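Given the structure is predicted, the values throughout are model-derived calculations rather than measurements. Each chain gets a letter, A, B and so on, in the order the sequences are listed, and its residues count up from 1.
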Amino acid sequence: MWRQARWDEDLLLERGKRSSAGPLIPFEDQFNEIEIKIPENLLRKDEPSIPTLSEIEVVRHYTRLSQMSYGVDLGPVPLGSCTMKYNPKMLDLIAMDPRIVELHPLQDIDTVQGILEIIYLTERWLAEITGMDRCSFQPPAGAAGEFAGALMIRKYHLDRGEERDEMLIPDSAHGSNPASAAMAGFKVVRIPTGPDGEVSIEALKASVGSRTAGIMLTNPNTLGIFESRILEISDIVHGAGGLLYYDGANLNGIMGIARPGDMGFDIVHLNLHKTFATPHGGGGPGGGVVCARGELVDYLPRPLVERKGNKYYWDYECKKCIGTVRAFYGNIVPVVRTFAYIAMLGPQGLREVSEVSVLNTNYFIKKILEKPYYELPYAPEKPRKHEVVISASKIAKETGVTTEDIAKALLNEGLHAPTIYFPLIVSEALMVEFTETEPREVIETYAEILNKIAEKAYRNPEEVKKTPSNTSVSRLDMVRANHPKTLAPSYKLYRLVYSDPGK
Amino acid sequence: MYHNWIPNSDPEIKASMLKSIGKNIDDLFADIPEPIRLKKNLNVGFGKPLSEYEVLRLVDRILSKNKVFRDPPPFIGGGICASHTPSIVRLLSLRGEVYTAYTPYQPEINQGILQALFEYQSMMAELYGVDVVNASMYDGSTAVAEAFRLAMRVTGRRKILVPETMNPFHRSVANTWISPVGGVIVEYRVDGRGQPLIQDLTSKVDGETAAVYLENPSFLGNLVEEPEEIESIARSKGSLFVVFSDPVSLGVIKPPGNYGADIVVGDGQGLGLGLNYGGPGLGILGIRMDQGLLKQLPGRLVGATLDSNGNRGYALILQTREQHIRREKATSNITTNSSLMAIMGAIYISYLGWNGLRRLGESILKRTRYVVENIRKRLSGRVSIAIDTDLFFKEVPLRFHRRSYEEIHRDLLARGIHGGLWLKDLLKGYEDCSLFCFSEVHSKSDIDLLINALDEVS
């Protein structure tokens with residue numbers, strides 16, 4: 001049986017223990033005789049609740065916390081649309097190279113030729129993979145890439161003297177799509193999904209018009225279904241004067257097999273931390289890239305790397321561009337990881353990534369549907385791509401055990417849950433994406449355990465609802481966590497709420 | 001093609017899995033219309049798979065074209081500055097359970113990450129003197145942009161007043177982020193001592209002002225002497241007071257929460273996170289406790305709660321603000337953030353402890369003082385301090401009177417010294433200036449080396 005570590009690890013802020021010194025500050029003694037002549041009223045007088053500890057105490061604290069965490073290095077994290085693949089260890093070594101981490105972004109151009117060469121080559125490779133002309137690495141994550149893309153669409157229309165303020169977004173889209181469109185000042189028009197799991201062409205035709213700025217799509221979509229009428233969608237939207245935006249979160253299913261550029265997309269964003277193996281670090285950082293083709297290239301955030309002879313440089317020229325979306329050039333470390341990842345796999349390897357990630361999805365579908373508990377809504381006959389959405393709606397109706405309960409029961413077995421309750425168009429949804437890096441046996445075990453949990457739901461629903469008990473804590477009280485009276489988003493506020501801390 | 005990163009690419013396994021589902025590979029992609037199926041190999045990488053060793057060697061060859069300045073470390077500032085990453089920060093960040101984890105949507109199995117983020121939020125709140133700090137923004141520039149948008153949502157106003165010497169990189173990003181929703185950035189004047197011109201500021205604050213923004217220390221490194229005064233001017237017209245501070249300065253300088261900031265922002269890069277050629281970084285965004293501000297706060301937030309056995313636990317809270325639930329009505333689109341950098345920041349702060357932070361702050365103050373005094377003493381007439389004050393933290397703007405900074409910079413490089421950031425195209429009125437930074441990595445002899453070199457070349 002699996003059990004997660006459970007350390008009674010108090011908050012460092014609660015440690016009364018203070019050493020009087022702390023570590024030596026570099027070269028501190030050399031400046032001892034200098035006097036700080038700062039007016040009293042500018043100096044800090046209070047003492048925050050930050051203890052001073054010895055090094056071993058800090059190391060143990062964070063090592064213990066890490067033991068109460070769960071990542072791909074421990075087991076599968078099949079969160080749909082998150083593409084939680086194995087992150088090759090050699091890339092971690094490269095990412096720590098001092099010739100990257102000790103480079104100042106404003107360093108003299110002659111002293112950064114190596115990093116510029118990597119950025120230059122990686123840009124070309126990603127443009128090739130997506131069928132675009134140029135890419136900007138400035139967006140620090142996928143959502144920032146979407147925001148940049150939406151701004152490009154907005155500026156493109158404004159420059160043509162057209163007032164187009166509506167962004168079409170399918171109801172199955174990632175939540176960041178409508179959020180990014182709204183941040184860029186667009187009104188969001190929701191396009192329903194048809195019974196075949198694809199964008200409804202009728203609804204799309206009824207929604208496009210002279211106010212349509214564009215459509216934000218991911219293909220394969222969040223149901224894992226390829227939008228097979230994409231060329232028709234492209235004609236309809238382009239015909240109305242709008243642009244096509246590709247959300248690259250789901251690229252892992254089609255690399256080397258089909259390209260957004262060939263489908264009619266004008267702008268693409270990619271998540272380097274999904275498709276190209278940057279570890280997610282408990283929430284980030286990632287790397288967003290926004291790519292464009294044709295005249296949209298002029299609108300990409302600047303600067304871009306250019307080459308003259310053998311010399312690379314940053315080109316800041318920005319006649320039509322949307323400006324900068326982040327200081328400097330974006331998250332560069334993931335770009336270097338991407339470079340090495342693509343170099344190692346080569347074109348054949350990238351195609352293999354997609355073939356196997358799709359095979360894994362369909363193998364899982366076969367295994368999970370061997371028992372009668374879960375359903376595959378929307379066109380069950382269609383092969384899924386990088387991910388699949390199954391529904392526990394029958395289980396919920398018949399036993400009262402919900403998708404949330406099933407997710408917690410999975411945790412209890414030492415398996416991370418899939419994305420749940422998304423997309424919103426599937427009730428009691430479990431969105432599963434194994435990626436190409438999970439071995440066959442893991443997929444089999446995962447399906448088996450999901451079915452066992454369902455069986456248990458029929459036999460003894462209360463037992464499922466009591467999970468998890470093998471994790472470091474049991475099920476958390478989310479009402480208390482979010483209630484205005486018990487809300488504790490910092491230690492300062494925690495002390496006010498919990499005068500008698502429950503421990 | 002078999003690759004050992006892709007277990008089921010083994011031909012036997014692949015064939016048996018395909019057999020089990022009764023399909024071949026082409027069947028799995030049969031729904032992709034023929035005209036858009038790619039008919040060639042991608043032209044990427046080096047045309048074929050390479051071994052780990054081959055790629056390591058290739059990357060090594062390319063990276064050797066970079067020059068790392070270590071002896072002395074670079075003196076270039078501009079918002080981020082070289083700093084030391086303690087070994088434990090670097091190595092603990094590699095713990096696979098955290099490094100390879102997703103956002104902790106399932107809190108019971110990710111208590112460690114959640115507690116570390118809660119500690120980050122709590123220690124940052126202590127440091128800035130506020131009540132709530134979110135679980136991270138991408139970097140300082142986007143934290144500022146989000147702070148402005150937050151102020152606009154809370155006040156329903158559009159104008160943001162910023163100092164004319166505002167960090168130009170931040171300003172450019174903020175402008176991109178707020179203009180689509182009608183936000184406008186308006187400058188207020190700053191005097192020759194780096195202090196906001198009260199009269200000018202007062203005349204510009206009005207009923208349309210969402211926020212008055214202050215950098216303390218400023219982009220040019222100087223401290224603001226009467227921040228309380230700025231706060232009361234903002235308050236007088238119902239505007240929010242937004243303050244940007246370097247967290248490293250707060251070990252010794254009065255924190256913005258203690259002089260009335262509603263929203264605090266910062267860049268955590270100086271907390272030993274590395275320069276990373278500009279990214280990834282860590283954006284700090286916090287607020288004083290106020291339901292209106294809290295409801296509109298962007299980004300992930302971790303809170304404490306209890307589990308079903310009454311034990312303390314942590315979870316992501318107030319998710320109804322976020323994109324995956326609220327979609328176009330979300331407070332921000334941010335999804336992936338900078339959690340790992342936040343955790344590294346927490347480890348850094350824990351490693352230094354309060355005493356260490358205070359001494360680090362003092363030590364940097366002393367360095368900048370040493371620089372200012374020596375430049376005045378030794379380079380008088382050729383180089384001056386561009387702002388007429390003694391109160392600098394980390395960054396110091398130097399004005400060059402005899403030669404163009406471009407030439408001086410080249411001469412410094414020829415001596416193996418990376419000079420400052422030429423402000424020619426960045427800040428009006430500072431065309432003949434360069435911004436130098438001095439952090440814990442700069443020894444006295446590093447600084448003497450720089451001043452001696454400047455003595456020769458300026």
If we ignore angles and hydrogens, is there a donor and acceptor under 3.5 Å between the side chains of [X] and [Y]?
{"X": "Ser122(B)", "Y": "Ser490(A)", "value": "no"}
{"X": "Ser474(A)", "Y": "Ser308(B)", "value": "yes"}
{"X": "Arg99(A)", "Y": "Tyr277(B)", "value": "no"}
{"X": "His3(B)", "Y": "Gln348(A)", "value": "no"}

request  = Begin from the C-alpha positions of Ser176(A) and Thr335(B) and carry the test side chain to side chain donor-acceptor pair (under 3.5 Å) through to its verdict.
outcome  = CA-CA 7 Å; Ser176(A) 51; Thr335(B) 308; 4.6 Å; no
Could you tell me whether [X] and [Y] make a salt bridge, using a distance below 4.0 angstrom between a side-chain N and a carboxylate O?
{"X": "Asp139(B)", "Y": "Arg326(A)", "result": "yes"}
{"X": "Lys492(A)", "Y": "Glu126(B)", "result": "no"}
{"X": "Glu117(A)", "Y": "Lys65(B)", "result": "yes"}
{"X": "Glu28(A)", "Y": "Arg367(B)", "result": "no"}

Chain B contact via [X] - side chain, backbone, both or neither, heavy atoms under 4.5 Å:
{"X": "Tyr70(A)", "answer": "both"}
{"X": "Asn482(A)", "answer": "both"}
{"X": "Glu438(A)", "answer": "backbone"}
{"X": "Val356(A)", "answer": "side chain"}

inquiry  = Can you tell me how far apart CZ (Arg44(A)) and CG (Leu357(B)) are? Round to the nearest 0.5 Å.
reply    = 9.5 Å
key: Nearest-0.5 Å distance, CG of residue Leu359(A) to CE of residue Met17(B)   =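 Rounded to the nearest 0.5 Å, the CG-CE separation comes to 4.0 Å.
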ask   = Parallel, tilted or perpendicular: which describes the rings of Phe31(A) and Tyr370(B), with under 30° parallel and over 60° perpendicular?
value = perpendicular
remark   = Looking only at heavy atoms, the pair that brings Phe118(B) and Pro489(A) closest together is CE1-C, 3.8 Å
